[in-house]
Amino acid sequence: MSEQAESIIRLRSVTKEFERGGERLRVLENLDLDVGRGAFEALMGPSGSGKSTLLNLMAGLDRPSGGSIEIDRKRIDQMSEGELAAWRANNVGFVFQSYNLLPVLTAVENVELPLLLTPVASSERRKRAETALRVVGLQDRMQHYPRQLSGGQEQRVSIARAIVTDPILIVADEPTGDLDRKSADEILTLLETLNRTMGKTIVMVTHDPAAAERASMTRHLDKGRLKGEEAPNREPAWEAKT
Amino acid sequence: MMIPLRYNIRSLMVRKATTAAATLGIALVVFVLASALMLSEGVKETLSSAGREDIAIVLRKGSDAEMGSTIEDPQIGLIKSMSGVKRESDQPLGTGEVVIVIALEKLGAEGVTNVLVRGVTETSHKLRPDVKIVEGRLPSPGSDEVMIGRAIRGRIKGVELNQSFDLKKNRPVKVVGVFEDNGSSYESEVWADLDNVRASFGRQGAVSSVRVVLDSPASFDAFQAGVESDKRLGLMAKRETKYFEEQSQGTSIFLTFLGGLIAFFFSIGAMIGATITMYASIANRQREIGTLRALGFSRFSILICFLFEAVLLSLIGGLLGLVPAIFMGSIELSMVNFASWSELVFRFRPTPEVLGIAVGSAVVMGILGGFLPAVRAARTSPLAAMRA
Ligand SMILES: Nc1ncnc2c1ncn2[C@@H]1O[C@H](COP(=O)(O)OP(=O)(O)OP(=O)(O)O)[C@@H](O)[C@H]1O
Ligand SMILES: [Mg+2]
């Protein structure tokens, strides 16, 4: 992690504890983390090491028990539930392991959904959703319902939904976990393209070394701690372009 | 910004079986409620359509209805001579009538039913120009012939054209005509000759009521003042429309109350049904709701979304219940009118108000039944998007 690159994600002394059956479970331990603007980072680690917990904190889905989280120079650890929801709508795109499309909405309606939370006019919404679906190569599947799509196609719709609001950060929790090798590769290529050509900052949790390989950098989490300095897999997209 | 309605509509459609089950409960409530209100409206309509604005009815002071009232013959002339009474060829237009309730055997069913018999004069017909013979002919005055209302025809032994029944033991009358009167309560009556009725029941020298035609509806106040100013007469005057309206009140309030009570208890069941349905549906959609929360939809918009879904569910039920209720509009029903304790035949009457109340109650059931599940949905954590 080069010092001069601007950090879009800045975590300082972040801890996260869960209460379970009266017992306190410390999942993240005094964690510092900087992610540069335009990075594509992979987060690996054994099951239960706290990867999802960390990703959820960065995405504003949950709040830390201690420490500070700054995304794009904004403190999100102090925000209320309502403020966080509005912040997520404008700043984060989500890609889930199980795609999480609403089964009763068509592909284009699913992609349109996050735009309802932005000031975009209704006439403009459909156009943007269609553009996003074109970016992921599903222009001829717009009116299909999720059950009429393959897993790989569903995940591409979900990526279109993640980029349609033009967020500053995309988080993906095991985006290829439910996919076969070929579909997984297509999804990874798509994420790579989004990072390289559109400069999207992406943080991806994965168990698959081949997937991590595609990221510009891989971090390892173990028992709630990041393991030392990480070597970049390649130059971050933002710096590579300049 | 709100979650689009089509999300709820389609969510209900894909859960056809559970949606249908919850919907039917609401439909039943709305059907019961609408039917009771329609009945109550029907009673009001039937009784009040018999009245005219420009006719005054005079009764013994303190009697609620014609049945319990007695007016001596000499007073009839006095009443007719009051100011405000219309004259025809120099004769005041008005008549005394006797009303008696008799018990007759039902046709095709066990037991007896009460039938209202009205002793009328030739003037009685002038007061009700809408009364028309639909079959047979008018009874000849002063005879033992009678005519019967269209609504009670064929329901009671002997009360049918060209048959006869006993007014009183050994006092048979012959049915020579059937009449109608735009569905008014007269259609549930037997009209016999005034003197014949009085003789049969030993009521010579008195009538139950006196009706007079007024110069105009506006003449009522003057006429009433004339009748009621002489305290020795002990009489009171009412506009005929008002009289019939009061007659319908007891029955229609009873029907509204009874229907409302049944609907209330049914609605508790239906609301519990809607609540269970919504709880189950929300439990099945935890990941979906979590996803909506993760995308940034607020708790409030989730609350509104599911409240709306519950209202939509019950609105479908409401409309489903209204359809058979409206079809009830073509059914004729007979029941005892509390004012006269005699049989009255009327229809279910679907007025816009009744339909509005029925649909409105469906909406209320949706809001009440859907509230707790909607709160539960709104409290879903965005982290639920990640749980399998
Ligand atoms: N809401 C919660 N309440 C209590 N404990 C939790 C909660 N969320 C996570 N944990 C616990 O925190 C620890 C880390 O969980 P986390 O989901 O972050 O792991 P992970 O690294 O993503 O694992 P996996 O690779 O299996 O997805 C686990 O022990 C988990 O049981
Ligand atoms: Mg995980």
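Letters A, B, ... are given to chains in the order of the sequence lines, protein chains preceding strands, and every chain is numbered from 1.
Top candidate by heavy-atom pairs under 4.5 Å with chain B, chosen from A/N90, A/D62, A/D173, A/L113, is A/L113. Each of A/S98, A/P114, A/G82, A/A162 has some count of heavy-atom pairs under 4.5 Å with chain B, and the biggest count is that of A/S98. Comparing A/E109, A/R161, A/E81, A/E112 by heavy-atom pairs within less than 4.5 Å of chain B, the highest count is held by A/E109. Most heavy-atom pairs under 4.5 Å with chain A: of the set B/R285, B/R6, B/R299, B/M13, this distinction falls to B/R6. Between chain A and the options B/I9, B/L383, B/V14, heavy-atom pairs under 4.5 Å are most frequent for B/L383.
In this structure, the separation between CD1 on B/I357 and OG1 on B/T351 is 7.5 Å, given to the nearest 0.5 Å. Here B/F266 contributes atom CZ and B/I26 contributes atom CD1; the two are 13.5 Å apart, rounded to the nearest 0.5 Å.
In this structure, the side chain of B/E45 does not engage the main chain of B/E41 through any donor-acceptor pair within 3.5 Å. Side-chain atoms of A/R88 come within 3.5 Å of backbone atoms of A/G60 as a donor-acceptor pair (strictly under, hydrogens ignored).
A salt bridge between A/R75 and A/D77 is present, with a side-chain N of the basic residue lying under 4.0 Å from a carboxylate O of the acidic one.
Taking the ring centre of A/Y145 as origin, the terminal cationic atom of A/R147 falls inside the region bounded by 6.0 Å and 45° from the ring axis.
Proximity to chain B involves both the backbone and the side chain of A/N100, based on heavy atoms less than 4.5 angstrom apart. Heavy-atom distances place the side chain of B/L292, and not its backbone, under 4.5 Å from chain A. Residue contact with chain A, scored on non-hydrogen atoms closer than 4.5 Å, involves the backbone and the side chain of B/R293 alike.
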